[in-house]
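To keep things clear, I will list the structure first and then write my remarks on it.
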Amino acid sequence: MNNEKELRDNQYPVEGEYCSNEGKRVCEGDQWFVCKNNHWKNTHKYCESDSTCLNVDLK
């Protein structure tokens with residue numbers, strides 16, 4: 001079960017899906033996602049993204 005969660009956590013963020021890096025922000029498409037309470041949430045804020053990669057906000 002943990003391996004399944006880890007695998008999902010390393011994939012593209014999907015609203016409501018499991019994540020384990022609390023506070024991590026990722027730009028997917030043209031929207032920012034943040035890991036909050038172990039789930040990806042769309043911030044509904046615009047970001048520029050290259051379709052070939054994820055942009056990660058490293059705070």
Donor-acceptor pair, distance only, cut-off 3.5 Å: does the side chain of Thr43 make one with the backbone of Trp32? yes
Could you tell me which non-hydrogen atom of Asn38 sits nearest to which non-hydrogen atom of Glu22, and how far apart they are? N-OE1, 3.5 Å
Between His44, Glu15, Lys45, which is the residue that forms a side chain to side chain contact (heavy atoms under 4.5 Å, CB included) with Gln31? His44
How far does CD of Glu28 sit from CH2 of Trp40, to the nearest 0.5 angstrom? 10.0 Å
To the nearest 0.5 Å, what is the distance between NE2 (His39) and SG (Cys19)? 7.5 Å
What heavy-atom pair brings Ser20 and Cys35 nearest, and what distance separates the two atoms? N-SG, 4.0 Å
